[in-house]
Amino acid sequence: MPDVVISYATLESLIEKLSGMITELDTGSKGSALRSAIGEPFGRSELTDRAEETEDRWNDKRESLVKDLTSIRDFSQEIHDGYAQFDDEAAAQFEAGADVPGNADY
């Protein structure tokens, strides 16, 4: 199986973008602005009512999406931190003169 190589910069970028998406989704409903922008064209409220129904359904999905994105972001952060800790410990051992394992040791 080939190695998977993901740089720290890529993980950091992913974490930052996920955090931005979570913040954007957490800012709440834009429904009131949408309803006021639509108004009641020709004195009818059907379009506004449909927009409100759509917003209500989206709010339910938004909460689920925020939960999932938060899980992915937190897991990505754990991967980043775990590998960074390993790199720091391995570098310290190497600098202290520890033997470097060969390919046969894997």
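The residues of the chain are indexed from 1 along the displayed sequence. Given the structure is predicted, the values throughout are model-derived calculations rather than measurements.
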Using a 6.0 Å cut-off, check whether atom CD of E12 has over 12 heavy atoms from anything other than its own residue.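 For E12, atom CD is crowded (more than 12 foreign heavy atoms under 6.0 Å).
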Y8 OH: over 12 foreign heavy atoms closer than 6.0 Å: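 Yes.
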Minimum-distance pair of heavy atoms, taken over all atoms of L47 and P41: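 Smallest interatomic distance, heavy atoms only, reads CD2-CG, 4.4 Å.
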Are the side chain of T10 and the backbone of I6 linked by a donor-acceptor contact shorter than 3.5 Å? no
Taking the side chain from S45 and the backbone from T48, do they hold a donor-acceptor pair closer than 3.5 Å? no
With rounding to the nearest 0.5 angstrom, report the CD to CH2 distance, E63 to W58. 11.0 Å
Distance, nearest 0.5 Å, that separates CG of L11 from CD of E16: 13.0 Å
Please walk me through it: do E55 and R62 pass salt bridge (Lys or Arg N to Asp or Glu O under 4.0 Å)? CA-CA 10 Å; E55 180 66 20; R62 180 191 336 245; 3.1 Å; yes
Check whether the side chains of D81 and Q85 place a donor and an acceptor atom closer than 3.5 Å, and report yes or no.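 The answer is no; no qualifying pair exists.
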Determine, using the 4.5 Å side-chain heavy-atom cutoff (strictly less than), whether I79 and V4 are members of one ILVMFWY cluster.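 Looking at the clustering, V4 is in the same group as I79.
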Is there a chain of hydrophobic side chains (I, L, V, M, F, W, Y, each step under 4.5 Å between heavy atoms) that links L14 to L25?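 Same cluster.
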Which side-chain N or O atoms in residues 64-74 pair as donor and acceptor under 3.5 Å with protein atoms at least two apart or in another chain?
residue, atom, partner, partner atom, Å
T70, OG1, V66, O, 2.7
S71, OG, K67, O, 3.2

Under the salt bridge (charged side-chain N to carboxylate O under 4.0 Å, His left out) test, which residues partner R44, sequence neighbours left out? E46
